[in-house]
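Comments concern the structure below.
The sequence lines fix the lettering, A, B, ..., with proteins before strands; numbering per chain opens at 1. Quantities reported herein were computed from a predicted structural model and do not represent experimental measurements.
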Number of protein chains: 2
Amino acid sequence: MVSKNTEHPEEIEIPEEISGLRMTRQRQEVYRILQQERNHPTANDVFMRVKDRLPNISLATVYNCLEALVQHGIIRQVNFERESSRYCPNLSEHGHFHDQTTGVIHDIDFKPGIRLADLLNLPPGAVIEDVEITLRGKLANI
Amino acid sequence: MVSKNTEHPEEIEIPEEISGLRMTRQRQEVYRILQQERNHPTANDVFMRVKDRLPNISLATVYNCLEALVQHGIIRQVNFERESSRYCPNLSEHGHFHDQTTGVIHDIDFKPGIRLADLLNLPPGAVIEDVEITLRGKLANI
DNA sequence: ATTATAATTGGAATAATTCTTGATTGCGAC
DNA sequence: GTCGCAATCAAGAATTATTCCAATTATAAT
């Protein structure tokens, strides 16, 4: 089998298939960018970056790839207000802190042993499928 | 039932001004609808409802009113994924549970004594201005 | 190799929201 | 009251992120 990228040994190797999703060249490159850019890029950010390697890729394809990756649980889609969706390869349960001065988005982990659903008055019979926590604020410069 | 308004006894009385915002007729009616419809209506939902009383109101005005009310901390704007924004007059710190089968949105309160920021590993110096918690899932029919 | 299926492309379409402009209103000073 | 000013409103155009669609290309199956 011919290695796809012997000529780029430092790069992340991405398998042919991840959790049942066929990893086409476009999906590979989109996914690679998310692995590298950990700053929660938008579809358009990804599009601009990916064009270095796939000059003919279309924005629609980037959207398709991102959706496929999200659907298969390989990446997460994150929304802030009604801004463009952002994407992130961190699958662990975590929240996001949106720094209003810099615009930077930080991943926020729970302190160990915390189960959010235990702290809320949920309606009886509620089965939680997904949780989203977003904090907005500033970083005091210390 | 305590009548607050001699003309329309069942209706909510809305003051001339709330937290520095002049309550024009349009803003009053928009606000009244939010008080009555506790199901997190969208701007368009509000628009359709408010036309009963103000047939000439425009959608742009509804957006303006909602924004003014949000800006003055009189109502809250709530976003789910990238759907239309929804609006809610419940100002207490609370989250939202989005029932995926019915589409209904339930307000979720914290159990008493819970302070979310205590449970998270925030970046040093983070000053939280706003928190948003969204849960998605189903209600087991019991 | 042929056929079938899935993915990609580019452009058009959509939908929520914002912007623009001109008209209207409310309100204080006179 | 009315004059002037600022705020608000209305209507429609513009914007923007995203989705849809039809045609092409790539991959897989037979």
Side-chain angles (χ1 to χ4, degrees), chain A residues 1-2 4 14-33 40-72 74-87 103 105, chain B residues 14-33 40-72 74-87 103:
Chain A
M1 109 42 153
V2 180
K4 284 187 290 291
I14 292 175
E16 302 284 312
E17 188 180 306
I18 304 184
S19 28
L21 179 65
R22 205 175 101 209
M23 288 303 271
T24 64
R25 186 76 206 288
Q26 286 85 344
R27 287 172 186 163
Q28 284 174 29
E29 297 298 346
V30 164
Y31 184 50
R32 187 200 309 281
I33 283 165
H40 304 82
T42 64
N44 199 57
D45 294 337
V46 173
F47 177 52
M48 290 186 308
R49 281 282 272 105
V50 82
K51 274 197 289 195
D52 295 346
R53 298 179 133 246
L54 300 174
N56 297 321
I57 198 171
S58 77
L59 180 54
T61 297
V62 172
Y63 273 103
N64 288 341
C65 291
L66 290 169
E67 193 194 334
L69 292 166
V70 169
Q71 232 67 86
H72 285 73
I74 300 166
I75 63 173
R76 284 183 53 178
Q77 179 173 13
V78 185
N79 297 299
F80 299 100
E81 318 281 304
R82 286 192 37 90
E83 293 169 10
S84 309
S85 287
R86 295 171 175 278
Y87 298 87
I105 291 151
Chain B
I14 292 176
E16 302 282 312
E17 187 181 305
I18 304 183
S19 29
L21 179 67
R22 203 175 104 212
M23 288 303 272
T24 64
R25 186 76 206 289
Q26 286 84 344
R27 287 171 187 162
Q28 285 174 29
E29 297 297 349
V30 165
Y31 185 49
R32 186 198 312 279
I33 283 165
H40 305 81
T42 65
N44 199 57
D45 294 339
V46 173
F47 178 51
M48 290 186 310
R49 280 281 272 105
V50 82
K51 274 195 289 196
D52 295 346
R53 297 179 133 244
L54 301 175
N56 298 322
I57 198 170
S58 77
L59 179 55
T61 297
V62 172
Y63 272 104
N64 288 341
C65 292
L66 290 169
E67 193 194 334
L69 293 166
V70 168
Q71 232 68 85
H72 285 73
I74 300 165
I75 63 173
R76 284 183 56 178
Q77 179 173 12
V78 185
N79 297 298
F80 298 100
E81 317 280 305
R82 286 190 40 89
E83 292 169 11
S84 309
S85 287
R86 296 173 175 277
Y87 298 87

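Atom CG of B:Leu66 is separated from atom C1' of C:dT18 by 14 Å (rounded to the nearest Å). The nearest whole Å value for the distance from the CD atom in B:Glu83 to the C1' atom in D:dA17 is 15 Å. If you take CD of B:Glu29 and C1' of D:dC9, they are 15 Å apart, rounded to a whole angstrom. Here C:dT24 presents its P atom at 17 Å from CD1 of B:Ile57, a figure rounded to the nearest Å. If you measure from atom CD of A:Glu67 to atom P of C:dA6, you get 16 Å, rounded to the nearest angstrom.
Within the structure, a side-chain polar atom (N or O) of A:Thr24 is placed less than 4.0 Å from OP1 or OP2 of C:dT8. For the OP1/OP2 pair of C:dT17 and a distance below 4.0 Å, the side-chain nitrogens and oxygens of A:Arg82 include at least one atom meeting the criterion. Remark: A:Arg27 is in phosphate contact with C:dA7, judged by side-chain N or O atoms under 4.0 Å from OP1 or OP2.
Backbone-only engagement by B:Asn56 is indicated by non-hydrogen atom pairs under 4.0 Å involving sugar-phosphate atoms exclusively. Within the 4.0 angstrom heavy-atom criterion, only backbone atoms of the sugar-phosphate kind lie near B:Gln26; the bases stay farther away. Within 4.0 Å of A:Thr42, counting heavy atoms only, lies no atom of the nucleic acid at all.
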For the pair B:Glu67 and B:Gln77, evaluate side-chain contact (heavy atoms from CB on, under 4.5 Å) and give the outcome as yes or no after the intermediate values. CA-CA 9 Å; B:Glu67 193 194 334; B:Gln77 179 173 12; over 6 Å; no
Would you tabulate the nitrogen or oxygen pairs shorter than 3.5 Å linking the protein to nucleotides 3-5 of chain C?
none

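End-to-end axis angle of the helix from C:dA1-D:dT30 to C:dC30-D:dG1, from C1' rotation axes over five pairs per end: 20° (rounded to 10 degrees).
Exactly one of A:Val46, A:Leu66, A:Leu69 qualifies for a side chain to side chain contact (heavy atoms under 4.5 Å, CB included) with A:Tyr31. That residue is A:Leu69.
Residues A:Thr42 and A:Asp45 have side chains that bring a donor and an acceptor to within less than 3.5 angstrom of each other.
Interatomic distance, A:Ser85 OG to A:Arg76 CZ, rounded to the nearest 0.5 Å: 12.5 Å.
Heavy-atom distances under 4.0 Å link DNA chain C to A:Ser58, A:Ala60, A:Thr61, A:Asn64 of residues 58-65 of chain A, given in residue order.
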